[in-house]
Amino acid sequence: LDYAAATHMDSAVLEAMQPYFTANFYNPSATYLAGRSARQALEAARHQVAQLIGARASEVVFTAGATEANNLAIQGLMRNYPEGDILISAIEHESVLAPTREFKHQEIPVSQQGIVDLAKLEKMIGDKTVLVSVMLVNNELGTIQPLREIAEILNKLSISRQNKGNKFPLYLHTDAAQAPNYLDIHVSRLGVDFMSLNGSKIYGPKQSGTLYVKAAARLRPLISGGGQEFGLRSGTENMAGIAGFAKALEIADTRRRDEVNKIAKLRQSFEELLQKTGLQIVINGANNRRAPHISSVSFAGVDNERLMMELDERGIQCAVGSACSASRKEASHVLSAIGLGEAATHSTLRFSFGRQTTNDDIQKAVHELVQLTDQK
Ligand code: PLP
């Protein structure tokens, strides 16, 4: 029950990747026939990804995952505007939080339900704000952020900026890593200028992904060298990873509707069964639109680390916060941002569901949770 941390690779994805490890190992920059054919495969993958997110091929930059994509969007843009500042939501992933700290920045508060406060966001945008970064689906709560509304606020402010002769652009970035299995990720419908995605959450390869960069936006590369990926990400392209990522995104797109239905039912039954046990629990962020695969549950008076370990011994894998914050044993900044106190943040577990989760898994998890928390 930790699909928000990692997903197994789809067999069709593995199949799409395999030729690039062996027969088609050529460098897409080589100019002989085999190299040109590798280039064609690279550009075909780029077109496919572009089509799936409603972008142009020239706006798709392949990266080694969402962390890199987030860093490229934030540092790549902000280094062009040393005077500018950046706003991010208080519940962003570490890979957005950390690069942001290099620049003048502020965090937009979220409601107790884990949704960005739009009125505060609008007030916080200053004359020199260059970038607003708000994730599409939060990785600890599953909450879906109102990107369309945010884009509308930004558009309105951009127009009034132009009228005042303010030369600073105002861009919107979203880290959509947790979204493609369940949500529409068309960039124009979302209204974003930059979007980060990765393969590892969509049954594709780890260290694969993309940054969508709207045509008009100029970024500084973080990795310089041979000039691959429009000069934004030098280094010989990871053809297997790119082909695998494109295939995984295609499958996510085709299966989306079925997947939403199936996973939503599993989560509903998990949460209903848990509620019926009489355990003292709170499901965080539950009164919102949530992506269907995440359930954040606080168990009153329970030590989450210990409970997670005991569940692991019984064959159930779940998460304390996100995988990254768990490895550092810090209280989750996401749970703190929605107003949970120290005790509640340390009694919360994240359960997340995916393609191989069954009803039996759900029942077993609830059964073990009752046994383990009753012992305390
Ligand atoms: N952003 C979000 C919302 C995530 O859930 C993750 C996953 O860990 C990442 C970014 C980092 O992605 P990657 O591991 O591909 O760098």
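We count ligands from 1, going down the list as the structure has it; atoms in each ligand are counted the same way.
- Within 6.0 Å of atom NE2 in His47, 12 or fewer heavy atoms from other residues, nucleotides or ligands are found, so the atom counts as exposed in its surroundings.
- Remark: ligand 1 and Ala66 share an N or O pair separated by less than 3.5 Å (distance only, no angle test).
- Annotation: Asn198 places an N or O atom under 3.5 Å from an N or O atom of ligand 1; distance criterion only.
- Taking the six-membered ring for Trp and thresholds of 30 and 60 degrees, Tyr81 and Phe168 have ring planes inclined between 30 and 60 degrees apart.
- Not close to ligand 1: Gly209, with no non-hydrogen atom less than 4.0 angstrom away.
- Aromatic pair Tyr171/Phe194: ring centres closer than 6.0 Å.
- In this structure, Gln75 places its CD atom where more than 12 heavy-atom neighbours from other residues, nucleotides or ligands lie under 6.0 Å away.
- For the pair Arg355 and Tyr203, the distance from NZ or CZ to the six-membered ring centre is under 6.0 Å and the angle to the ring normal is within 45 degrees.
- Ring geometry, Phe270 versus Phe351: the interplanar angle falls from 30° to 60°, so the pair is classed tilted.
- Close contacts of ligand 1 with Gly65, meaning ligand atoms under 4.0 Å from a residue heavy atom, involve 15 (O).
- Residue contacts with ligand 1 for Thr67 involve both N, CA, C or O and side-chain atoms from C-beta outward (heavy atoms, distance under 4.0 Å).
- Of the heavy atoms in Lys201, only side-chain atoms (C-beta onward) come closer than 4.0 Å to ligand 1.
- Any N or O atom pair closer than 3.5 Å counts here, and Gln178 shares at least one such pair with ligand 1.
- Looking at Ser95 against ligand 1, only its side chain comes within 4.0 Å, counting heavy atoms.
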